[in-house]
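Step one of this worksheet: look at the structure below.
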Amino acid sequence: MLSEASVRFSQRPFPSGDAALLLRMATIFLMGHVARATKGNASRPNGMKGWQSERIDAICVISNIIGKILHKGFFMTEHVSVSKISNHVGQDVILKGWVYNRTDKGKLVFLLVRDGSGFIQCVAFKGDLQPETFDLITHLPQESSVVITGAVREDKRAPGIPGGFEVGIKDLQVVQAADIDYPMALKDHGVDFALDHRHLWIRMQSQWAILRVRVRVMSAVREYLDGQGFFNLDTPILTPAAAEGTTTLFETEYFDEGSAFLAQTGQLYNEANIFAFGKVYCFGPTFRAEKSKTRRHLTEFWMLEPEIAFCDLDGLMEVEEGMISYIVQSVLRDCAAELKSLGRDVTKLENISAPFPRMSYDDAAKFLIELYEKETDPDKKELLKFEWGMDFGAPHEVELTKLNEKPLFVYGYPSAVKAFYMEPWPGRPEICKSVDLLAPEGYGEVCGGSERMSDHDALLARIKKEGLPEEAFKWYLELRKYGSVPHSGFGMGVERVVAWLCGIEHIREAIPFPRTIKRVYP
RNA sequence: UCCUGGCUAGCUCAAUCGGCGGAGCGAGCGGCUGUUAACCGCUAGGUUAGAGGUUCAAGUCCUCUGCCAGGAGCCA
C-alpha cells in the first residue's frame with residue numbers, strides 16, 4: 001500500500017516555474033494539515049504503515065486536485081525518462097538527452113535520442129516549428145546534448161528501446177552542439193579503434209545494452225545470495241601473498257613492508273570469514289598478470305566468490321545452479337529489450353534452470369579421448385588432443401558443452417592441475433573435490449570451485465609440497481586448528497557470464513573499461 | 001613467451017600476374033513528409049605503419065622495426 005501510493009505520488013506531473021512554486025507551497029501547506037489531522041493514528045499497534053500510507057494517499061488526492069486546477073493555463077510539462085515514456089502517451093513531456101542519430105527527410109526530420117534509460121525517436125515537422133528551430137534541428141551534429149519538449153504518441157514504426165513510442169517535437173533547446181568530428185559513426189569499427197574510444201563507444205546501443213545486462217547480472221547475484229542468507233564481506237585487494245602461485249600477480253611497493261600484490265582471489269579471506277559468519281561472499285575486481293590473449297581473458301575482471309561452511313561438493317553445485325538459474329531468468333525478464341537489440345537468441349537461455357547436468361572428469365576425459373581418436377581432420381585433431389590428467393583447453397570445453405543445452409558441471413579434476421587447497425577425493429588421492437561450470441554455446445568455464453581441505457596436517461603437507469612460503473599461510477592454516485569444518489566455495493567471472501547471456505564474442509565488451517595485456521587506456 | 005594473420009582517406013574496406021590508388025560511411029552543400037546505421041546529386045578528403053632493398057615500374061615481392069588482432073599455454 002505504501003509503495004503503491006509512493007509510486008503514484010512520484011509519477012504525479014509536477015509543474016515548473018511560477019506554477020510549480022505556487023503548487024508546491026500549497027502542497028506543503030496542506031501536508032502540514034494532513035500531518036496534524038492524522039497524527040493521532042501514529043500510535044496504532046500496526047505501526048507506521050497504516051497512517052503513513054493514508055497520509056500519502058491524502059496528499060496525492062490534494063495535489064492531484066490542485067494539479068488539475070492549475071492544468072488550465074498554467075500547467076507545465078515534466079521531465080520524463082525514455083524508459084517511462086509509455087506512461088505518458090498523449091501528454092507533453094520534456095526529454096533530456098543526446099542526439100544518437102539524425103535522419104533528414106526534407107520537411108521532416110527524425111532524431112533518435114538517447115537519455116541513458118533508453119532510445120526514442122523524436123520527429124520534427126517543418127510546419128510545426130519556428131523556421132530557426134527547424135533549421136537548427138536539421139543541422140544538429142551527432143551526440144549534441146538537447147532538451148526536447150514534445151508530445152508522446154504511440155507509433156509501431158518508431159525505433160528505439162523500448163520502441164513503439166515517439167515524441168513530436170514542439171521545441172528543442174541545444175545544451176551543447178557537439179563537434180562535427182564525432183569519431184564513432186553508427187557502423188562497425190575495428191577493435192583497436194573502438195577500444196581507443198571506449199569512453200565514447202559505451203554510448204552506442206550495443207554497448208549500452210551489454211552493460212545494462214551486466215548491471216542486472218550484478219544485482220541479481222546480490223539479490224539471490226542475500227536472500228539465501230549470505231553475508232557480503234569484501235576481502236582486501238592489497239594482499240601479502242599469492243593463493244595460486246606468484247607468477248600471475250601484479251606487484252606494488254608497500255611502504256616499508258616490501259611488496260604487496262593485487263588480489264587474484266578473495267577466497268582465503270572468505271575462508272576466514274565463514275568461521276565467523278557461516279555463508280559469505282566477496283564481489284569485486286580481481287587482478288591477474290597472466291599474459292593471456294584470448295576472447296575470455298582480462299587482466300582486471302570482476303569475480304563473485306561465495307564460500308560456505310558445512311558444505312560439501314554436492315551442496316556447492318546446488319548453490320551454483322540455483323544462482324545461475326536466478327541470474328539467467330532475471331536477465332531474461334528485465335533485459336528483454338537489451339537482449340533483443342543485441343540480436344540474442346533468447347530461446348537458448350529460456351530453459352536454463354536447475355538442476356544442471358553433472359559429469360565426472362573421468363567420463364569427460366573418456367568422451368574427449370574417443371572424440372580425439374575419431375577426428376580425421378589433422379588440424380582439428382591436434383586441437384582436440386587429450387589424455388587423462390590434462391586440464392581442458394577451450395576446444396575441449398566447447399565439445400563438452402555441445403552435449404547439453406544447459407550449463408554443465410564437470411567435477412573431480414586431477415589434483416595436479418588444480419590449486420593446492422582442494423580436498424582430495426576419498427579413496428582417490430590423484431583427484432580432488434573440484435567442480436567447474438561450463439556455459440553452453442562454447443562460452444566455457446564461468447564458475448570454478450571446490451571443497452577446501454579442512455585437515456590442518458594435510459594442508460600443511462600440500463603447502464610444503466608446492467613450495468609455497470609456509471609463514472605467509474600461517475593464519476590460513478590456523479583456521480584448520482580452531483573448529484575446522486568441511487567447507488566449499490566457488491568463483492564466478494562476471495564478464496564471462498555477461499558475454500554468454502549477451503551472446504557476444506569477446507568479454508572486453510562486458511566491462512565498461514577493459515584492461516588487457518596490451519591496454520590500460522582509456 | 002610461442003604460432004598465425006593484419007596495418008591503404010576520420011571510420012570500414014577494395015585495388016586481378018608487380019603496370020594511372022577506388023568505393024561506402026562520416027563531413028560540407030543541395031533535394032525529398034515516415035526514416036529505421038534512409039535515399040538521390042555534387043564537393044572536399046591519401047607520405048598505402050616506419051626504414052631499407054629488388055625492379056623500367058612496388059599498396060602488391062624481399063629484409064628489419066613498430067603496432068594490432070586471433071589462438072596456444074594459463075585461467076574465471
Side-chain angles (χ1 to χ4, degrees), chain A residues 100-112 119-128 134 138-139 141-143 155-161 163-164 166 168 179-197 200-201 204-206 243-245 247-248 264-267 285-305 341 379 382-383 385 390-395 397 417-419 436-439 443-449 490-500 505-508 510 516-519:
Chain A
Y100 187 67
N101 194 18
R102 189 188 72 235
T103 302
D104 192 338
K105 284 283 299 175
K107 294 190 178 70
L108 168 64
V109 178
F110 298 101
L111 297 181
L112 191 57
F119 294 70
I120 190 165
Q121 175 163 282
C122 300
V123 189
F125 289 98
K126 193 171 187 178
D128 295 350
F134 188 79
T138 58
H139 292 90
Q142 185 187 4
E143 288 303 315
D155 192 320
K156 287 201 176 82
R157 296 169 296 183
I161 299 176
E166 64 179 24
D179 284 359
I180 57 166
D181 59 353
Y182 184 71
M184 301 299 290
L186 297 178
K187 52 179 291 216
D188 292 333
H189 295 280
V191 173
D192 199 32
F193 179 85
L195 285 174
D196 276 342
H197 297 83
L200 305 175
W201 189 23
M204 286 187 77
Q205 192 168 296
S206 61
E244 297 165 11
T247 55
T248 60
Q264 58 178 0
T265 172
Q267 183 207 314
T286 289
F287 306 89
R288 306 237 169 134
E290 291 159 1
K291 295 197 171 179
S292 300
K293 273 184 59 177
T294 80
R295 66 187 67 191
R296 305 182 314 282
H297 288 86
L298 297 168
T299 55
E300 178 181 325
F301 64 97
W302 277 62
M303 186 157 69
L304 165 79
E305 294 180 275
S341 83
D379 291 344
E382 180 61 28
L383 283 171
K385 193 171 182 179
M390 282 170 63
D391 204 353
F392 302 135
E397 288 183 355
V417 300
K418 289 291 179 184
D436 284 356
L437 182 64
L438 308 180
Y443 280 92
E445 186 181 345
V446 289
C447 295
F490 69 93
M492 182 196 86
V494 170
E495 291 78 13
R496 287 187 181 181
V497 171
V498 173
W500 162 44
E505 278 290 303
H506 200 300
I507 66 168
R508 63 184 160 224
T516 64
I517 179 173
K518 290 287 182 185
R519 182 172 293 279

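Here the separation of B/G41 from B/A15, taken at their C1' atoms, is 26 Å to the nearest Å. For the P atoms, the distance linking B/U48 with B/C7 amounts to 14 Å, nearest Å. B/G73 and B/G6 have their C1' atoms separated by 23 Å, with the value rounded to a whole Å. Between the P atoms of B/G66 and B/G30, the separation comes to 50 Å (whole Å). Distance check on atom C1': B/G59 versus B/G21 gives 8 Å, rounded to whole Å. The same atom, C1', is picked in B/G26 and in B/A58; the two are 31 Å apart, to the nearest Å. Here, B/G24 and B/A69 have their P atoms 30 Å apart, quoted to the whole Å. Of the P atoms belonging to B/U60 and B/C20, the separation is 14 Å, rounded to the nearest Å.
Base orientation of B/C32: anti, the glycosidic angle falling outside 90° of 0.
The A/L108 side chain lies nearest to B/U33 when the options are B/C11, B/A76, B/U33. Nearest to the side-chain atoms of A/R508 among the listed nucleotides B/C68, B/C75, B/G70 stands B/G70. With distances taken from any side-chain atom of A/D192 to the nucleotides B/G34, B/G70, B/C68, the minimum falls on B/C68. In the set B/G70, B/C32, B/C11, the nucleotide with an atom closest to the side chain of A/H189 is B/C11. Candidate nucleotides B/U33, B/C74, B/G34 were compared by shortest atom distance to the side chain of A/S292, and B/C74 ranks first. With B/C68, B/C74, B/A76 as the candidates, the nucleotide lying closest to the side chain of A/K518 is B/C68.
A/R288 CZ to A/L298 CG: the interatomic distance, rounded to the nearest 0.5 Å, is 11.5 Å. In this structure, CD in A/E445 is found 12.5 Å from CE in A/M492, a value given to the nearest 0.5 Å. Distance check: A/Q264 CD to A/F301 CZ gives 8.5 Å after rounding to the nearest 0.5 Å. A distance of 15.0 Å separates CD of A/E143 from CD1 of A/I180, quoted to the nearest 0.5 Å. In this structure, the separation between CD1 on A/I120 and CG on A/L111 is 11.5 Å, given to the nearest 0.5 Å.
A/M204 has its CE atom 10 Å from the P atom of B/A37, to the nearest Å. As a whole-Å value, the separation of A/E305 CD from B/A76 P is 9 Å. One atom, CZ of A/R496, and another, C1' of B/C74, lie 10 Å apart when rounded to the nearest Å. A straight line from NZ of A/K385 to P of B/G73 spans 12 Å, rounded to a whole angstrom. When the C1' atom of B/A37 is taken as reference, atom CD of A/E143 falls 14 Å away, rounded to whole Å. The CZ-P distance, from A/F392 to B/C74, rounds to 13 Å in whole Å. Counting to the nearest Å, the C1' atom of B/G73 and the CZ atom of A/R296 are 11 Å from each other. Counting to the nearest Å, the P atom of B/A72 and the CD atom of A/E290 are 13 Å from each other.
Under the Watson-Crick and G-U wobble criteria, each requiring two contacts below 3.5 Å, nucleotide B/A23 is paired to B/U12. Base-pair partner of B/A44: not found among the strands shown (Watson-Crick or G-U wobble, both distances under 3.5 Å). Across all strands shown, B/G5 pairs with B/C68; the Watson-Crick or G-U wobble distances both stay below 3.5 Å. Base pairing of B/A51 is made with B/U63, judged by Watson-Crick or G-U wobble geometry with both donor-acceptor distances under 3.5 Å.
Residues A/M204 and A/L186 form a side-chain contact, since some pair of their non-hydrogen atoms from C-beta on lies under 4.5 Å apart.
At the phosphate of B/U33, neither OP1 nor OP2 sits under 4.0 Å from any side-chain N or O atom of A/K105. Applying the 4.0 Å criterion to OP1 and OP2 of B/G70, one finds that A/K293 has every side-chain N and O outside that range.
Side-chain atoms of A/T248 stay outside donor-acceptor range of the base of B/C74, with no qualifying N/O pair under 3.5 Å. Contact annotation: side chain of A/E166 to base of B/G34, donor-acceptor pair present below 3.5 Å.
Nucleic acid contact for A/Q121: base, since at least one base atom lies under 4.0 Å from a heavy atom of the residue. As judged by a 4.0 angstrom heavy-atom cut-off over every strand, A/D391 is placed among residues touching the sugar-phosphate backbone only. Using a 4.0 Å heavy-atom distance criterion, A/M492 is classed as making no nucleic acid contact. Heavy atoms of A/R519 sit nowhere under 4.0 angstrom from any nucleic acid atom. Looking at heavy-atom distances under 4.0 Å, A/H197 makes no contact with the nucleic acid at all. Residue A/L298 is classed as a base contact, given a heavy-atom separation below 4.0 Å to a base.
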Set out, line by line, the N/O atom pairs under 3.5 Å between protein and nucleotides 24-28 of chain B.
| from | atom 1 | to | atom 2 | distance (Å) |
| --- | --- | --- | --- | --- |
| B/G24 | N2 | A/K187 | NZ | 2.6 |

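For the pair A/E397 (side chain) and A/Y443 (backbone), a donor-acceptor distance under 3.5 Å is absent. In this structure a side-chain-to-backbone donor-acceptor pair under 3.5 Å is missing from A/Q267 to A/E305. A donor-acceptor pair under 3.5 Å links the side-chain atoms of A/H197 to the main chain of A/F193, judged by distance alone.
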For this session: For the pair A/R508 and A/V191, evaluate side chain to side chain contact (heavy atoms under 4.5 Å, CB included) and give the outcome as yes or no after the intermediate values.
Result: CA-CA 10 Å; A/R508 63 184 160 224; A/V191 173; 3.4 Å; yes
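Nearest-nucleotide positions on RNA chain B for A/M390 and A/G127 put A/G127 closer to the 5' end. Nearer to the 5' terminus of RNA chain B, by closest-nucleotide assignment, is the contact made by A/V191 (compared with the other of A/I507 and A/V191).
Under a 4.0 Å N-O distance rule, the pair A/D436/A/K418 qualifies as a salt bridge.
Once the 5.5 Å centre distance and the 30° plane angle are applied, the aromatic ring of A/F110 is found not to be stacked with the base of B/G34.
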